[in-house]
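Accompanying notes for the structure given below.
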Amino acid sequence: MTKKFQSIINKGAPVISLTVIGLLWLTVSEGGIIPSYMLPSPVEVVKAFVSEFPVLAEHSAVTLQEALYGLLLGTALGFVFAVLMDRFGFLYKALYPILVISQTIPTIAIAPVLVLWMGFSMAPKITLVVITTFFPITVSLLDGFKSVSAEEINLLRSMGAGEVKIFRHIKFPASLEQFFSGLKVSASYAVVGAVISEWLGGFEGLGVYMTRVKKAYAFDKMFAVIILISAVSLLLMGAVALLKWLSMPHKRKSNR
Amino acid sequence: MSLLKAEDITVSFEGTNVIENVSLTLNEGETVSLLGVSGGGKTTLFNVLSGLYAPDEGKVYLEGEDITGKAGKVSYMLQKDLLLTHKRVIDNAALPLVLRGAKKKEAREAVKSHLEDFGLGEAGDKYPHQLSGGMRQRVAFLRTYLASEKAALLDEPFSALDNITKSSIHRWFLSVMAEIKLSVLFVTHDIDEAILLSDRIYLLTGKPGRITDEIIINLPGDKSERNPMSREFIAYKEEIIKKIGIL
């Protein structure tokens, strides 16, 4: 009995906390405690979302496209880096510090430079997304490759396997768990990266929309777009979870 | 004719010899144990025999062919089952065939034809984490057998199992070995296990490790009838303990 009750609490906890925050927001804004030009009520936000939907949909398509292209390229690049760094020790030593340093440069600082170099097209946005996404992929894959024990590698060698087969049959599968953790982080970075780069120059995308409504002090639209960006990030992370489920059948509950 | 033969193997590590002038033979169909204390160079010797490392001196022959430093000729099984967690039992066992270039489907068929004999009839579609330690070692042994149907090196394959599982897996091992034609060189530090399963026992003792004795086990009847409580069995045990020098 208590166990069942416990599980209901566990499952219901996030729903409860979200509802409480929503209700709090509603009382504070509708009750006039905070003026609506500073904090629009959830009702106004929903209204803005509905009326602006066609425009928002157009802008989200652009942002999503940038995020996806950047994520794909970033993943591919991260994969190549990880494989080469794992295979050649000197590359690992030479590149790892540079990779870490590259991550300490704030995105906000690189974005304008990229715009100056590449113009207002999609290219600087995708480049920024690539820069922010490939690091988690590289690091997570490297960790995954290193998680394979010398004994496992010896076993495959004793069966006559060379480097390529060792990679295919143990190193790569062993790194999937970590890879998907990295990809999840990267997917959330991708959307944020795309939005930030749109703030700093461009003609379309959710970031551009954001700067416009900000200048108009349209807080309701501002909140609507913030929630939309979160939703898009969650969608991408959900896609990653689905991909993980599909590619790791041994981790499914039915096989436990 | 001897199937696997090692001649005067010496391996040194950082200037000191780990094993010295080790020579041994494994004849067709035999199970031979290599008995010695832990850290006595047994695993080093196995790494040489399996071709993972080239020895500083000496040669390894399989059916007369020089295979010194060549991996992939003699199969190798370790104490840890090292089953791949992302592959089902059937694909784990099929791995050596796939690595040798067999098509996945053919490799699976080959495994299926052995599952029953190895006591894995129902387990083919399971993942390793769904099996007990004993069952996992069975899968590892099937994989080892498929890696080389001639000679296999087993490095303390059952030493991580509890005593009850161990004695049931010994019975299982003997019944499987009666069905297949596999020659096995078996490393163990368990004297009972060595006498129970072997035709001959080599004693590997000292530092650096050398083969100091060879004991031929001559007990009446089938191996499965060997009784660790019998007078003859205990006599062998006493002889070995004396020769290793722990009494």
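First the proteins, then the strands, lettered A, B, ... as listed; each starts at 1.
In this structure, B:Lys87 places its NZ atom where more than 12 heavy-atom neighbours from other residues, nucleotides or ligands lie under 6.0 Å away. No more than 12 heavy atoms of other residues, nucleotides or ligands lie within 6.0 Å of OH in A:Tyr189, so this atom counts as exposed by the packing criterion. The environment of NZ in B:Lys150 is sparse: at most 12 heavy-atom neighbours from other residues, nucleotides or ligands sit within 6.0 Å. No more than 12 heavy-atom neighbours from other residues, nucleotides or ligands sit within 6.0 angstrom of OH on A:Tyr69. For CD of A:Glu58, the number of neighbouring non-hydrogen atoms (other residues, nucleotides, ligands) closer than 6.0 Å is 12 at most. Within a 6.0 Å radius of CZ in A:Phe172, no more than 12 heavy atoms belonging to other residues, nucleotides or ligands are found. Applying the 6.0 Å contact sphere to NZ of B:Lys80 captures no more than 12 heavy atoms from other residues, nucleotides or ligands. With a 6.0 Å radius and a threshold of 12 heavy atoms from other residues, nucleotides or ligands, A:Lys184 has its NZ atom at or below the threshold.
Neither the backbone nor the side chain of B:Phe46 comes within contact range of chain A, judged by heavy atoms closer than 4.5 Å. Using a 4.5 Å cut-off between heavy atoms, B:Lys126 makes no contact with chain A at all. Heavy atoms of B:Lys70 lying under 4.5 Å from chain A are absent altogether.
Note on A:Pro173, A:Gly160, A:Ala174: by heavy-atom pairs under 4.5 Å with chain B, the leading option is A:Pro173.
Here the closest non-hydrogen pair linking A:Arg157 and B:Ala71 is O-CB, 3.2 Å.
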Practice task
List the steps, then state whether side-chain contact (heavy atoms from CB on, under 4.5 Å) holds for B:Arg143 with A:Leu155.
Solution key: CA-CA 11 Å; B:Arg143 178 181 63 189; A:Leu155 177 78; 3.4 Å; yes
Practice task
Under the side-chain contact (heavy atoms from CB on, under 4.5 Å) rule, what do B:Leu82 and A:Glu151 come out as? Steps first, then yes or no, please.
Solution key: CA-CA 8 Å; B:Leu82 298 178; A:Glu151 281 175 324; 4.0 Å; yes
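Close approach to chain A, defined as a heavy atom under 4.5 Å from one of its heavy atoms, is seen in B:Leu95, B:Pro96, B:Val98, B:Leu99 of residues 93-109 of chain B, taken by number.
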